[in-house]
Number of protein chains: 2
Amino acid sequence: MSDEKPEARIQVIDRAATLLDVISRYSTPVKLKVLSADAGLHPSTAYRILHSLIDNRFVERSGDGTYRLGQRLLQLSNRIHSDIELRAVAMPYMTKLRDQLGETINLTIREGDAVVYYDKATPNRMMHVNQIIGSRAPLHVTGVGKLMLGKGGEKEIESYAQRTNLPAYTRNTFTSLPTLTNECLASVERGYALDNEEAEIGVGCIGVLIYDHTNQPVAGLSLSAPIERRRGEWVEDLKLAGEAISEQLGYRPLQSVEE
Amino acid sequence: MSDEKPEARIQVIDRAATLLDVISRYSTPVKLKVLSADAGLHPSTAYRILHSLIDNRFVERSGDGTYRLGQRLLQLSNRIHSDIELRAVAMPYMTKLRDQLGETINLTIREGDAVVYYDKATPNRMMHVNQIIGSRAPLHVTGVGKLMLGKGGEKEIESYAQRTNLPAYTRNTFTSLPTLTNECLASVERGYALDNEEAEIGVGCIGVLIYDHTNQPVAGLSLSAPIERRRGEWVEDLKLAGEAISEQLGYRPLQSVEE
DNA sequence: GAAAATCGTTGCGTATTGCGGAATGAGAGT
DNA sequence: ACTCTCATTCCGCAATACGCAACGATTTTC
């Protein structure tokens, strides 16, 4: 990091970054004296910055007074890794489905009580369903969301219903707990869910879950189409794609619990 | 991060960590308004911290004004990963060799003109060679170091000689460029190197290189013993262990250059 | 298309925070 | 036991980070 940029910089962030760099250059944990010398900082300055980085788990300190990079860096970068991997694995299947079926294919992930549209493959036709990447929809009005609720079981569906009060988006939205519960559990049972104009009149979806090596659902795959164009035979295509993506992410169905 | 710790904390490091956490909670890139709200910071404060994090590559900003985690986190955590992996892969072979041959087995890595003792397996006998983890030795007086120099070719050996002036550690140290060059290149040729009391009188070593998926040497494996106990037949054991470790790290010998 | 609202960015004054020097404590080396 | 070195803490100070307000750009609304 240079000082040539005219914009105001925050000195202590630059200094913290320098210390992390210096630590990363050594293959064994390093002492304070070496770190302050290499970073060009006063030892008491380096000491305080390092201990703030320790508090935030970017750095760890051993009993012998040496410092090394901390677990927070792994956790944050795992986030980047898993995002990159999910997209990279899913996108070829999505584009293939899009080309084969001629409708929009969405990749979604769960964020609390909503699904977020994470990526998509849209067909080259004038009329197609277009979801905005980054936008979100409540779980109970999407196919994938109903599957995610269903995987959580009756208690989770009930908690969700209490938190959200199951607002109606169309006249087809499930707004009563018993019917939503039946719908979610049945969807899990058959391995896919339909959205029958529950989020938006005129739009129908087919959704399946994507699992990873933890054998938990991590994302959803869905096809959105104008309701009159949606065909039941596409369910199998979505299921096969969801399974293939899941396997590439390390999912092993019917595996005994050993981890 | 809480405020209950009595020690002085650096506020802006805490705030930067909070912003990184907030970004990591979202699965899609996030706008400034959301980040400042979730982090409980004034927008201009969040703006300045974020841009300092951008300068240091912990965060990236897209043209649409959204922020996501940056590549620096990956780079720093790759450092942690590769360290963990090397040790995890090598240690079982090291302990097996130690038990089989009854002498100290070292794992070393290169740091500039030195090798650093990175890990070790020491035998349960009163007299054994003991290298201090974290300590370093000049390349030209260690078996592994001579191999690393040899892999670099004559020009690198010459540069090294000019930089260091090949100081003698014992009467057996190679202190002339021609003889050191011959020794390094011959060692590479036969796939192992010996340290014949070149670093310390009375201590002899056998060293081999460890490669990874980049097909480059990333570490060294060596046996250190009192010179009168060292046996030439152990060379094959070191070579086999070095190859096995390398393969587990993704090394593919005789692979055409395609990466 | 114009006006209003919102978000992002920047300048500025201030006070809070981070800094460096010095002192102290702990541990290592002789 | 003494000396030396490194790590840690305290303290006064000024530089830095901050928040407010204003401005520019973009989006939203009518």
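Below, all heavy atoms of this structure are taken into account, side chains as well, without hydrogens, waters or symmetry copies.
Residue-to-nucleotide contacts include a donor-acceptor pair under 3.5 Å from the side chain of B:Ser44 to the base of D:dC20. Between the base of C:dG8 and the side chain of B:Arg61 there is no donor-acceptor pair shorter than 3.5 Å. Below the 3.5 angstrom threshold, one finds a donor paired with an acceptor across the side chain of B:Arg48 and the base of D:dG19.
When the side-chain nitrogen and oxygen atoms of A:Thr45 are compared with OP1 and OP2 of C:dG20, one or more of them lie within a distance under 4.0 Å. Considering only side-chain N and O atoms, B:Tyr47 lies nowhere under 4.0 angstrom from the phosphate OP1 or OP2 of C:dG8.
Side-chain contact, A:Asp83 with B:Ser27: no donor N or O sits under 3.5 Å from an acceptor N or O. A donor and an acceptor atom, one from each side chain of A:Asp64 and A:Thr66, are located under 3.5 Å apart. Of the N and O atoms on the side chains of A:Ser62 and A:Arg68, at least one donor lies less than 3.5 Å from an acceptor on the other residue. For the 3.5 Å distance criterion, the side chains of A:Asp38 and A:Tyr26 qualify, holding a donor opposite an acceptor.
When rounded to the nearest whole Å, the span between CD1 of A:Ile49 and P of D:dA7 equals 16 Å. C:dG8 atom C1' lies 13 Å from atom CG of B:Asp64, rounded to whole Å. Taking atom CG on A:Asp14 and atom P on C:dC19, their separation rounds to 11 Å, with Å as the unit. Whole-Å rounding puts the A:Arg9 CZ to C:dT10 C1' distance at 17 Å. In this structure, the CZ atom of B:Arg15 is 12 Å from the P atom of D:dA17, given to the nearest Å. Taking atom CD1 of residue A:Ile10 and atom P of nucleotide D:dG19, one finds them 11 Å apart after rounding to whole Å. Taking atom NE2 on A:His42 and atom P on D:dG12, their separation rounds to 17 Å, with Å as the unit. One interatomic measurement links the two molecules: CG of A:Leu41 to P of C:dG18, which rounds to 15 Å at whole-angstrom precision.
Taking only side-chain atoms of A:Tyr67, from C-beta outward, the nucleotide of D:dC18, D:dT8, D:dA7 with the closest atom is D:dT8. Closest to the side chain of B:Gln11, out of D:dT8, C:dT9, C:dT17, is C:dT17.
Residues A:Lys120 and A:Leu107 are not in side-chain contact: their nearest non-hydrogen atoms beyond the backbone lie 4.5 Å or more apart.
In terms of position along DNA chain D, the nucleotide closest to A:Leu32 lies nearer the 5' end than the nucleotide closest to the other residue of the pair A:Leu32 and A:Val12.
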